[in-house]
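Reviewing the structure listed below.
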Amino acid sequence: MSEIVPAEPIGGIYFEPGETSTATASASEAPRVTLAITNGSNTVEYVPEPFDSERLPTVFASEIQRFLRVANLLGKEEPRVAYLCRVHAFVIAHNLDKNSSGRGVRQFKTSLLHRLEQDEHVTKKKGTSDIRELKNVYRAYRDYYIRHEKAFDLEQSRRERLINARDIATVLFEVLKTVTDPASSQALIQGNAIHKKTEFNILPLEQGGIQHAITQKSEIKAAIAVIRNVRGLPPAQDFKKHGAFVDLFDFLQHCFGFQEANVANQREHLILLLANMQTRQTHNQTSVLKLGEGGVDELMRKFFKNYTNWCKFLERKSNIRLPLVKQESQQYKILYIGLYLLIWGEAANLRFMPECLCYIFHHMAYELHGILCGAISLTTWEKVMPAYGGEPESFLNNVVTRIYTVIKQEVDNSKGGAADYSVWRNYDDLNEYFWSPDCFKIGWPMRLDHEFFFVKSRNKPKPDVKNALVVSPGKTKEKKKREKRDEEEPEDTREEIHEPQWLGKTNFVEIRSFWQIFRCFDRMWSFFILSLQAIIIIACHDLGSPIQLLDAVVFEDIITIFITSAYLKLIQAILDIAFMWKARYTMEYSQKVKLVVKLVLATIWTIVLPVCYANSRRKYTCYSTKYGSLVEEWCFTSYMVAAAIYLTTNAVEVVLFFVPAVAKYIEVSNYKICRVLSWWTQPRIYVGRGMQEDQVSVLKYTLFWILVLSCKFVFSYSFEVKPLIAPTRQIMKIGVKKYEWHELFPKVKSNAGAIVAVWSPVVIVYFMDTQIWYSVFCTIIGGLYGVLHHLGEIRTLGMLRSKFDSLPSAFNVCLIPPSSKRGKKKRKGLLSNIFQKLPDEKNATAKFVVVWNQIVNHLRLEDLISNREMDLMMMPVSSELFSAKVRWPVFLLANKFSTALTIAKDFEGKEEILVKKITKDKYMFYAVRECYQSLKYVLEILVVGSIEKRIICDILSEIEKHIQETSLLKNFNLKVLPALHAKVVELAELLMEGDKDHQHKVVKALLDVFELVTNDMMVDSRILDMFHFPEQNECGFVYFRNDDQLFDSVEMNRDFYPFANENSIHFPLPESGPLMEKIKRFHLLLTVKDTAMDVPANLDARRRISFFATSLFTDMPDAPKVHNMMPFCVITPHYIEDINFSLKELGSDKEEDSIIFYMQKIYPDEWTNFLERMGCDNRKSLEDEHKTEDLRLWASFRGQTLSRTVRGMMYYREALKLQAFLDMAEEEDILEGYETAERGNRALFARLEALADMKYTYVISCQSFASQKASNDPRYQDMIDLMIRYPSLRVAYVEEKEEIVQGKPHKVYSSKLVKVVNGFEQVCFYNIKSISLGNVH
């Protein structure tokens, strides 16, 4: 038997003759293991313990972790195979770090080698070689996997076993390859066909993966077919690739040097985008298995909207060039989209520079077009090839790293933000450089001596630009040659080399000053200052009518505000120059000219307007008007003319404000005339253009502020300014002869100080009360908007109960997708909450009941309601729902039946009035009807004796006949109803208990009911006479007066007592869920009192239900089917916050100091509901029954933000699955219920899972996940538990890994996306290497 024996450190790793290895090493100084073929000793009983497979050195964690995990899985059943897996892991670890220089590597090797020494002898099996045993175990798992891999509707446990079988077979196959020649083993040849990469995020695209329902969807198949269309591409040999291209992304990878993980990520991304876009196409002109052009074109428009705008802004032609042939055009579009996605995938922090990415894509798209067309370079006369292509990670090393190096150096110059803002560039500054045509001077391949790459060094000599950048190891020789050539270069030539200059800030340099308050809000300040001046002038003239504003004197004084305006604009122009001074070297020349022109014009107007006013004051030129006109004559002065000219500068802005479409066109247009028009209003920058609202929004906005400011100015004039005019005049008339505070103001000769003291508070209030008026009008307008749009339609439980019967129709309108026959669904009007009477969608009411019950179930799972409250809130699902007969929740019918009994018992009069009283309250009518039908149903199930059934049938027929004839009051004594009610309640309680020993009590209760009805209630009890004479009633039953046939006696003489035979009733009833639920509901209807009116009692449960009900009454678009909806993704950032409470945190030596104690006080009702759900009485019983994990979750969902957030976000996925279930389910599935169908109909729920995966993704960005894993932090395991609880949850993080380069550890950063498979963290295919320059900024 072959065995693998750990040996003392010697020269290498050897294999005996006849065996081969693919994991050999040659380092003579490193420890090694020897594989020898020998005979094993006797089998020793061995109970292995798992070896830690999670806390591994980052140098080789991803390479050996799967072997150690499989070893732990096989440890008990196949200890020898587990031993071989650990040996293989040790060999790989040794080859990756022979000197054990990585962090924690030496300790790990020592620990693993010690374990191998322990396991080596005890795991030997006599008579069986290791290779044979390894093959047998491998074949067993491989065959099991092959038999079941085609099924996609497996239960979760079977799916987990299948995944384990796949992982084990894959690992054993790799171990076998090291000791067996694949060409000599048929098993290994078959293994090579199925064991490929099986890790995936959503789509299992690799062959050999387990079948998933998502891969069976037609739109997914169509998208995959388009991606794999490689017809017409250049041969793979041109890019040094062995074999043909697998798909378009494989071509892009080898063409431009993208990472394999990035390619896999973006491949799945694009397939899902194409599939979702295909499902949303309204017209289906193409085949189901063929991707339509509409979806691809829509993606093109979305992805390249910014790029095309960027090209237009810089007046460059787009490099997205499509062929005229339609079949080839789609392939080109996919290639361009894929190229952009791959650039984005590896861009890392360059994503903060979108126009920089446009620049990169611009050049790479040009190269791609040249490659596809087979273009010939005019300089080399060879085929066009990418400037940075061919080698793995070429794009990362040559493009991303070089640009990021500049960013990192600039950030280093910032000294953590303490340096002056003008001496370093941030992301925005570097990105703004690509808003100018000068960016094309960088070239492609990029010129590293360009000024863009030059960074000023602080407190250090300026480095050589050519050597300042990080270069790959392969460029070392070229770098040395360049240095040598530079040394040999003559001094004269060196002096001619242009010294690179730092580009500096672009467009804007932040200068912090209090003057920024005025500069940033200059229009607001100017408006309020000028308005205050005008109000004071008007108040001083004591106007009696608004028409007097047109008086020449008054009007001339009012328009002096333009003099003030000129001075304010002069201040604004000065501030603009002052705050842009540090950007003077990088600003465009046109912007400099604009600032100077603004300053000059402002200065001119500050001189012209005062001079004109002083020279022409009260010197009018008047013209008389026609007789009978409102104004007798028009007068003006030269100052008025100057003011009118001054206003023309703002006229264009006013017109453009009220016509936003024209303003938007001028801003985004590249025509020169439009540039000239927009030059004065704002700088020509790439962003912030064309952001005007539509015409209606502008009018509404203007009207709102007219109302606000009108009220504000009227109030200010009437109650603030005008009352101070007369006191101010009186104070001014009082002369100052003796001032008591002459020591402080020795030369005071006027009362200006007193006037300032009087006016200062008024002026302050004048500037501040705008916020008050704004709040008042926001409240008024918001209230009107809420009324018109039905916001807050349901705010209390009372309103919910009153409108609950309209919720199904509202649900039908809002959340049930409209059929093609019905079209869109609309309400009658804004002020009406009554929905249009449209034909109901099929099963609409039943679908609402399913959704409502799921809401109630989740409230119970969150312990917001108790079991009793859940029973009161649930709605039964029955076939009656399909005929629009709804059984409403019991909490709506609380006390209604008791009230109806009281009304009927004490009623005297006509029966029509009684019926009207009961039917007036719809819920009372529902309660009475359901109680009668439920009693009828229970008796039908309970009573099985033929004669007894005949008696009951006839009694019920008699009652229903009198109800139809409205003669119930004449023939029945309703005062007996309370006694009958008590007996029926007793019967229901006995049926719920189901104790076989209480059968005689059930019989007694039935007899009491029978006697009450026949003897006390029925006035004319002719039903009893039927027992004496044979007669056939309406039901076709024949009665005989035969005492032995009618009532069989048992022990005593009971000849005349019905139900005397024990076989006459079926008791206890079968313990089927639906039947017992109906009896329980019947009992609740009979017994529930006023306390149910407050259900649910929990405030959070009330809030959620009210919000759900209110949302159904709001105006919203028609809901599409889940299959046709837009996909969306949610990401939650997480650092080092706690995820779950630990038991130590929850508990304490003193109970009063523990977290759980305060939780019980804060959430007393939820704690009680939790104990009820767990079936425990207190916390101690929870610990005794090993339910502490549930206790941790209960506390964490209330005290830890991330746990609560994840649970809430995953409700989106549950809601999508539920909505998809309603879209797909048939009547039988709806009757079974959502949860029952989930357990029984695996094929349906596999489709639901696939649809939810397509439409919704939730990712947690856990920055410290890698460090927590390395340090065995409990938060790491809490995150794993969270992913186990929610399998579709993903965690993204940046891993810092050590790679051994030339015997020394080198830090490498990788972006990872992980999920949990069968309880273990698994890298989801996406392990994208990022910029290795230290911490990511």
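- Atom CG of Leu1202 and atom CG of Leu1282 lie 6.0 Å apart (nearest 0.5 Å).
- Proximity of a side-chain donor or acceptor of Asn853 to a complementary backbone N or O of Met875 within less than 3.5 Å is detected.
- Going from atom OG1 of Thr1257 over to atom NE2 of His269 covers 9.0 Å, rounded to the nearest 0.5 Å.
- With hydrogens and angles disregarded, no donor-acceptor distance shorter than 3.5 Å links the side chain of Asn265 to the backbone of Ala261.
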Give the C-alpha distance, both sets of side-chain angles, the deciding distance and a yes or no for salt bridge (Lys or Arg N to Asp or Glu O under 4.0 Å) between Arg267 and Asp250. CA-CA 9 Å; Arg267 177 189 292 118; Asp250 190 24; 5.6 Å; no

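- Using a 3.5 Å distance cut-off with no hydrogens or angles, the side chains of Ser1311 and Tyr1293 do not pair a donor with an acceptor.
- A tilted orientation is assigned to the rings of Tyr1212 and Tyr1256, their planes being inclined by 30° to 60°.
- With contacts defined as side-chain heavy-atom distances shorter than 4.5 Å, the pair Leu800/Leu807 qualifies.
- Side chains of Asn857 and Glu1235 form a contact here, defined as non-hydrogen atoms less than 4.5 Å apart.
- In terms of modelled atom types and a separation under 3.5 Å, the side chain of Lys1255 and the main chain of Phe1128 share no donor-acceptor contact.
- Taking the six-membered ring where the residue is Trp, the centroids of Phe1245 and Tyr1234 are separated by under 6.0 Å.
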Derivation of the side chain to side chain contact (heavy atoms under 4.5 Å, CB included) call for Val1291 and Val1259: CA-CA 5 Å; Val1291 172; Val1259 181; over 6 Å; no

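- Distance alone, capped at 3.5 Å, is enough to place a donor-acceptor pair between the Trp852 side chain and the Met873 backbone.
- By the 4.0 Å N-to-carboxylate-O rule, Arg1104 lies close enough to Glu862 to be salt-bridged with it.
- Rounding to the nearest 0.5 Å places CE of Met799 at 15.0 Å from CZ of Phe804.
- No side-chain heavy atom of Leu1112 sits less than 4.5 Å from a side-chain heavy atom of Ile794.
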Could you go step by step and tell me if Glu930 and Lys1078 meet the salt bridge (Lys or Arg N to Asp or Glu O under 4.0 Å) rule? CA-CA 11 Å; Glu930 185 174 351; Lys1078 288 183 179 180; over 6 Å; no

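- Here the side chain of Arg1204 pairs a donor or acceptor atom with the backbone of Phe1197 at under 3.5 angstrom.
- For the residue pair Ser697 / Asp694, a side-chain donor-acceptor distance below 3.5 Å is found, with atom types taken as modelled.
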Candidate pair Arg1285 and Met1210, rule side chain to side chain contact (heavy atoms under 4.5 Å, CB included), full reasoning: CA-CA 10 Å; Arg1285 186 178 182 87; Met1210 295 310 295; over 6 Å; no

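- Contact annotation: the side chain of Leu1244 approaches that of Asp1229 to within less than 4.5 Å [non-hydrogen atoms, C-beta and beyond].
- Residues Arg351 and Leu357 approach most closely at CA-CD1, 4.1 Å, considering heavy atoms.
- Crowding of Lys700 atom NZ: a count of heavy atoms from other residues, nucleotides or ligands under 6.0 Å not exceeding 12.
- Between Pro354 and Asn306, the closest side-chain pair of non-hydrogen atoms falls below 4.5 Å.
- In this structure, Tyr340 has its ring center closer than 6.0 angstrom to the ring center of Phe304.
- For Ser806 against Phe1113, the heavy-atom pair with the smallest separation is OG-CZ, 3.5 Å.
- Counting only distance, with no hydrogens or angles, the side chain of Asn309 and the backbone of Lys305 share a donor-acceptor pair below 3.5 Å.
- With values rounded to the nearest 0.5 angstrom, Asp1223 atom CG is found 10.5 Å from His1123 atom NE2.
- One N or O on the side chain of Arg1102 and one on the backbone of Pro1096 form a donor-acceptor pair closer than 3.5 Å.
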Tell me, with the steps shown, if Lys1217 and Gln854 meet side chain to side chain contact (heavy atoms under 4.5 Å, CB included). CA-CA 12 Å; Lys1217 288 171 59 179; Gln854 281 300 306; over 6 Å; no

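- Across Cys814 and Thr1114, no two heavy atoms sit closer than the pair SG-O, 4.3 Å.
- Contact of the Lys1315 side chain with the Pro1287 side chain is not registered, since no non-hydrogen atoms from C-beta on lie closer than 4.5 Å.
- Counting heavy atoms from C-beta outward, Val1314 and Arg1290 have side chains that stay 4.5 Å or more apart.
- Without hydrogens or angle criteria, Lys847 side chain to Leu1222 main chain gives a donor-acceptor distance under 3.5 Å.
- Inter-residue side-chain proximity for Ile1131 and Tyr1258 is flagged as unmet; no heavy-atom pair is nearer than 4.5 Å.
- Within a 6.0 Å radius of CD in Gln933, more than 12 heavy atoms belonging to other residues, nucleotides or ligands are found.
- Although no hydrogens or angles enter the test, the distance criterion places no donor-acceptor pair under 3.5 Å between the side chain of Arg887 and the main chain of Lys885.
- Residues Pro817 and Gln1219 share a closest heavy-atom pair of CD-NE2, 4.3 Å.
- In this structure, CZ in Arg795 is found 15.0 Å from CZ in Phe1107, a value given to the nearest 0.5 Å.
- Residues Ala275 and Met1254 approach most closely at CB-CE, 3.9 Å, considering heavy atoms.
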Dump the intermediate steps for salt bridge (Lys or Arg N to Asp or Glu O under 4.0 Å) on Asp863 and Arg1173, then the final yes or no. CA-CA 8 Å; Asp863 301 312; Arg1173 181 166 61 89; 2.7 Å; yes

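- What you find for Asp1115 and Leu788 is that their closest heavy atoms are OD2-O, 4.2 Å.
- The closest donor-acceptor contact from the side chain of Arg860 to the backbone of Met870 lies at 3.5 Å or more, if one exists at all.
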Working note: Asn1098 + Ile865, criterion side chain to side chain contact (heavy atoms under 4.5 Å, CB included); need CA distance, chi angles, decisive distance, verdict. CA-CA 7 Å; Asn1098 186 274; Ile865 58 176; 5.5 Å; no

Donor-acceptor contacts, no H, no angles, side chain residues 330-339, under 3.5 Å, sequence neighbours left out:
unit_1, atom_1, unit_2, atom_2, d
Gln330, NE2, Leu291, O, 3.3
Gln330, NE2, Glu293, OE2, 3.4
Gln331, NE2, Asn229, O, 2.9
Gln331, NE2, Arg231, O, 2.8
Lys333, NZ, Glu293, OE1, 3.4
Lys333, NZ, Asp297, OD1, 2.4
Tyr336, OH, Arg321, N, 3.4
Tyr336, OH, Arg321, O, 3.2

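- For the atom pair Arg801 CZ and Phe891 CZ, the distance stands at 7.5 Å (nearest 0.5 Å).
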